[in-house]
Amino acid sequence: MIRIQREDFSVDAVIQALKQQGMGAIVTFTGIARGESRDGKPVRAVEWDVYETMALRAFAKIREDSIHRFGLIDAAIVHRYGRQEPGENLVLIAAASSHRQEAFDACQFMMNEIKRSAPLWKKEILDDGEERWIGE
Amino acid sequence: MIRIQREDFSVDAVIQALKQQGMGAIVTFTGIARGESRDGKPVRAVEWDVYETMALRAFAKIREDSIHRFGLIDAAIVHRYGRQEPGENLVLIAAASSHRQEAFDACQFMMNEIKRSAPLWKKEILDDGEERWIGE
Amino acid sequence: MNIRFLFFASIREAAKTRELELDIPGGNVNDALSHLETRIPELRRHLDRVQIAVNEEYSDRNRSLREGDTVALIPPVSGGKS
Amino acid sequence: MNIRFLFFASIREAAKTRELELDIPGGNVNDALSHLETRIPELRRHLDRVQIAVNEEYSDRNRSLREGDTVALIPPVSGGKS
């Protein structure tokens with residue numbers, strides 16, 4: 001499952017969608033909007049820009065590479081765009097496998113790859129009104 | 001949050017219960033009943049026996065140790081007892097932190113510690129009617 | 001003195017009960033286990049492989065018991081990978 | 001030939017639009033970017049730091065363009081830890 005969507009996601013629903021025979025372990029990572037920036041300033045909201053068609057293609061490749069590399073049974077990537085306030089969900093990665101080590105390793109790998117290479121950009125909107133694109 | 005319960009759990013509900021200011025990452029591990037044993041035999045169901053008061057105490061210690069050791073903001077352990085058929089949830093571990101590496105590390109650590117030391121016993125009931133306690 | 005024994009997993013199945021109270025003359029865990037195996041001979045072959053918890057704390061078998069103590073026979077936990 | 005440019009994040013804000021179509025005389029990505037910065041001078045200082053994707057594939061700037069190609073200007077992604 002690969003999704004780029006404005007609305008929130010349900011971890012239970014994604015787990016349910018992944019469940020297949022032979023699975024013994026599902027590891028999920030949920031990224032949440034933080035109320036404080038890396039340099040300690042209060043954050044009012046984050047906003048995502050995304051090159052949707054390329055990001056979907058990047059997600060599909062990351063998902064397939066991970067399934068192959070770690071021997072997963074299935075995997076999911078769900079990323080929100082638009083605006084989120086502190087405490088709101090941003091991204092969900094799920095890795096499902098027979099045994100747990102592979103699922104942990106794959107979930108971390110997928111999130112690292114998304115951060116490294118998917119065309120998504122996060123803007124922090126600080127409490128004082130300053131706006132800045134992260135990572136640029 | 002520490003729970004030993006017969007009924008199923010909701011990952012979303014546990015994540016929601018953990019959410020606090022400052023969190024940026026929640027990693028969950030869901031253990032699922034597999035339809036096949038380690039030695040490749042079809043499994044009809046698993047059944048758990050638990051020394052509930054000692055297990056709750058063990059879970060509390062594992063949770064607190066993990067929060068301290070990995071600098072988590074919060075953590076949860078939910079373990080089912082009774083009987084589950086293949087595909088059903090067995091156990092949920094959740095680790096919440098500011099940044100994701102700590103949450104991944106802590107979630108794995110907690111599951112390893114539970115496996116190693118909590119007084120819970122899993123019986124496999126095979127399709128052919130054979131029953132066996134795992135690990136003994 | 002009264003000692004309450006708790007059994008789990010394969011031990012529970014061998015004992016055919018989850019718990020048992022015995023009135024024994026006193027002593028340590030080893031003494032209590034001797035009384036227990038007299039009462040439930042099916043447990044004899046299991047006693048070497050269990051850990052003992054007294055009042056929910058892991059304990060060695062030289063620990064002296066007191067009136068009302070709970071002695072749990074803890075078989076190896078499932079371990080392994082899930 | 002018609003080339004469609006796409007802008008994201010800080011580049012979109014500098015361009016004040018998400019996309020733009022330009023009719024240019026042909027050539028490679030570099031030539032197209034020269035026409036683009038003439039049209040939107042605010043982009044000039046950003047052009048060195050973007051990656052280029054042509055028709056949703058990362059591309060170098062010597063790639064020849066064809067009628068109807070889509071050229072995306074991709075600023076560095078957010079990276080870091082979440």
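By convention in this document, chain letters (A, B, ...) are assigned in the order of the sequence lines, proteins followed by strands, and residues within each chain are numbered from 1.
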Which region of [X], side chain (C-beta onward) or backbone (N, CA, C, O), has a non-hydrogen atom less than 4.5 Å from a non-hydrogen atom of chain B, or is it both or neither?
{"X": "A/L92", "value": "neither"}
{"X": "A/Q16", "value": "neither"}
{"X": "A/A33", "value": "backbone"}

Check: For chain B, which residues from residues 2-11 of chain A have at least one heavy atom closer than 4.5 Å to it?
Finding: A/S10, A/V11
Item checked: Proximal component of B/I15, with respect to chain A [non-hydrogen, under 4.5 Å] -> side chain
Note to self: Which one wins on heavy-atom pair count under 4.5 Å against chain A: B/G22, B/A103, B/A95, B/G35?
What the structure shows: B/G22
Checklist line | Partner chain B: residue of A/K19, A/E36, A/Q20 with the largest heavy-atom pair count (under 4.5 Å) | finding: A/K19
Check: Looking at side-chain heavy atoms only, is the closest gap between A/Q108 and B/R100 below 4.5 Å?
Finding: no
Next item on the list: Please round to the nearest 0.5 Å and tell me the distance separating atom CD1 of A/I26 and atom CG of B/N89.
Entry: 7.5 Å
